[in-house]
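Shown next, in structure tokens, is the structure this report addresses.
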2 protein chains.
Amino acid sequence: VIQLEQVSRVYGQGEALIRACDRIDLSIYPGEYCAIMGQSGSGKSTLMNLIGCLDRPTSGRYLLDGMDVSRLSKTRLARIRNRKLGFVFQRYELLPNLTALENVIVPMMYAGVGRSRRRRRAEYALQRVGLSDRLHKRPGQLSGGQQQRVAIARAIVNRPLVLLADEPTGALDTQSAKTIVEIFDHLHASGMTVIVVTHAQEVACYSKRTIMISDGRLLSDHLTSVA
Amino acid sequence: VIQLEQVSRVYGQGEALIRACDRIDLSIYPGEYCAIMGQSGSGKSTLMNLIGCLDRPTSGRYLLDGMDVSRLSKTRLARIRNRKLGFVFQRYELLPNLTALENVIVPMMYAGVGRSRRRRRAEYALQRVGLSDRLHKRPGQLSGGQQQRVAIARAIVNRPLVLLADEPTGALDTQSAKTIVEIFDHLHASGMTVIVVTHAQEVACYSKRTIMISDGRLLSDHLTSVA
Ligand SMILES: Nc1ncnc2c1ncn2[C@@H]1O[C@H](COP(=O)(O)OP(=O)(O)OP(=O)(O)O)[C@@H](O)[C@H]1O
Ligand SMILES: Nc1ncnc2c1ncn2[C@@H]1O[C@H](COP(=O)(O)OP(=O)(O)OP(=O)(O)O)[C@@H](O)[C@H]1O
Ligand SMILES: [Mg+2]
Ligand SMILES: [Mg+2]
């Protein structure tokens, strides 16, 4: 469902050239559960933004669900993102003027889901991440981990084909992190393709396949070892 | 050096009242190394903001270095913050239009450190956190973990009395996190008081004292157990 061929993303030029992603070949099949790991600055978020169609490669080809994503118009790309992808950003990226509930409802409005159904689904997603008592708070009134959990609820609420999560438990204590990992595991069991960038072994161990990134390049790609 | 007496911080009122901090009594002596732990939303960042004089308690008293902080003017408070405290924010809070180097230099300008000396100290701090090759990048051009490391360099560069770090390794891989923990350990050995909010056992284990927060209240306060 995700096929990257010699995908690169560079910034700057000449001496200041930074190869955030460097000729990456990667094929991910429907229903897989992949963990992407690597040092800080190695290119994981850049790779996720490319996979999530939030950024275009500077070279190489990216086929999402068989379609060459670089050929699609901005509008078509936005629609595909909304329908097929759920994204948990490393910096959450919640809309600061909307409440937690409204933030989670937004993607369903774009997907054309009916009003009462969106509300119910949003409340359910927020309940699953333990935030039923914070529905009407704005991000500025939420703790770091609470904001992260709103971002997670928002990513899963449209039942995407592919869930992309960039460090989804970075701000969470062990217990909250466990809840999130169980949610992802459940979604994966129901057929969702899950790709998680993580530094945490407790999250990576649930994946079936581990992809290591180093200096923008693919270092290794193998079955997750059972520790 | 830090003395909180029945310190509370509440938001809202009536039914919507949230006790982010609830009558906390806490005394931290010079040179201590404390880890503050607790669930997401339990009040750790709120407590850190109170200790760091970035927020005022709604009730209770806070003595910093013997002075009643609630009596001080805003200007005096800002000067004390700049001289005595180094703060690593959970959300980094870097100035987006300044480079990494400039961000780290800013606190020293307020402290009246000479121009060439500030530059040298900033370069050294950034080198310690492994970012010598990113000095002239702005936060938007840095990865999550790189931004977090700039925030850490900025907090330590003025050699504060007290280092307050709210989840300083949340976005870091194991190796980068280890570097940061060693830096904190080194600073503590040189006499600095270190207070770290963390979810990570690998960070908390370096502390001498563990303070657990739950629902805004102090749950426990004891010597860090050697696992
Ligand atoms: N401005 C605000 N208005 C209302 N409630 C707030 C506000 N700021 C924080 N809170 C609430 O206070 C509580 C404590 O928040 P705090 O940020 O201190 O938690 P935390 O322990 O740092 O959590 P995390 O581990 O997720 O970062 C949370 O339940 C949060 O929703
Ligand atoms: N807009 C940009 N301009 C220049 N360089 C950039 C830009 N965005 C990212 N980079 C660089 O690309 C590299 C990869 O960044 P990326 O955010 O993908 O790292 P990461 O693996 O997600 O790191 P972390 O674990 O710290 O989040 C970094 O070295 C970063 O400095
Ligand atoms: Mg990243
Ligand atoms: Mg916090």
Side-chain angles (χ1 to χ4, degrees), chain A residues 11-12 15-16 18 20 36-49 89-92 129-131 133-134 136-137 139-150 166-180 197-202 204 212-216, chain B residues 11-12 15-16 18 20 36-49 89-92 129-131 133-134 136-137 139-150 166-180 197-202 204 212-216:
Chain A
Y11 294 101
E15 253 211 33
I18 291 180
I36 298 178
M37 305 184 84
Q39 294 226 330
S40 169
S42 57
K44 308 178 295 298
S45 296
T46 306
L47 177 60
M48 290 294 265
N49 289 339
F89 295 88
Q90 187 169 7
R91 305 310 299 286
Y92 324 156
V129 298
L131 290 175
D133 60 345
R134 290 284 185 280
H136 309 295
K137 295 296 177 197
Q141 299 169 312
L142 297 174
S143 76
Q146 289 168 340
Q147 290 175 38
Q148 188 164 43
R149 285 183 274 156
V150 174
D166 196 345
E167 319 245 19
T169 63
L172 302 180
D173 58 279
T174 323
Q175 201 164 320
S176 310
K178 199 158 170 293
T179 306
I180 298 309
V197 165
T198 186
H199 291 305
Q201 209 40 257
E202 320 77 80
M212 300 289 307
I213 304 286
S214 171
D215 289 325
Chain B
Y11 294 102
E15 254 210 33
I18 290 180
I36 297 179
M37 305 184 84
Q39 295 223 329
S40 167
S42 58
K44 306 178 296 295
S45 296
T46 304
L47 177 59
M48 290 294 266
N49 288 338
F89 295 88
Q90 186 169 8
R91 306 311 298 282
Y92 323 155
V129 299
L131 289 174
D133 60 344
R134 289 284 185 282
H136 309 294
K137 296 295 177 202
Q141 299 168 312
L142 297 174
S143 76
Q146 289 169 340
Q147 291 176 37
Q148 188 164 44
R149 285 183 275 156
V150 175
D166 195 344
E167 317 247 20
T169 63
L172 302 179
D173 58 278
T174 323
Q175 201 163 321
S176 309
K178 197 157 171 291
T179 305
I180 298 309
V197 166
T198 186
H199 291 307
Q201 209 41 259
E202 320 79 79
M212 301 288 307
I213 304 286
S214 170
D215 291 324

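FYI, side chains are in, hydrogens and waters are out, and symmetry mates aren't considered; it's all heavy atoms of this structure. In what follows, chains are A, B, ... by sequence order, proteins preceding strands, each numbered from 1.
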* Go through the atoms of A:Ile18 and report whether side chain, backbone, both or neither lie under 4.5 Å from a heavy atom of chain B. => side chain
* Asked: At a heavy-atom separation under 4.5 Å, does A:Ser143 approach chain B through its side chain, its backbone, both, or neither?
  -> side chain
* Pick one of side chain, backbone, both or neither for A:Gln90, based on which atoms fall under 4.5 Å of a heavy atom in chain B. => side chain
* Go through the atoms of B:Gln141 and report whether side chain, backbone, both or neither lie under 4.5 Å from a heavy atom of chain A. => neither
* To do: Below 4.5 Å from any heavy atom of chain B, which atoms of A:Gln39 appear? Answer side chain, backbone, both or neither.
  => both
* Asked: Does a side-chain heavy-atom distance below 4.5 Å link A:Arg91 with A:Glu167?
  -> no
* Within a strict 4.5 Å, meaning less than it, do heavy atoms of the A:Leu47 and A:Ile36 side chains meet? -> yes
* No-hydrogen, no-angle side-chain donor-acceptor test under 3.5 Å, A:Asp166 and A:Ser45 -> yes
* Among the options A:Ser176, A:Ala171, A:Ala20, pick out the one with the most heavy-atom pairs lying under 4.5 Å from chain B. => A:Ala171
* Asked: Mind checking whether A:Leu172 and A:Arg149 have side chains closer than 4.5 Å, heavy atoms only?
  -> yes
* To do: Indicate yes or no: at least one non-hydrogen side-chain atom of A:His199 is less than 4.5 angstrom from one of B:Thr174.
  => no
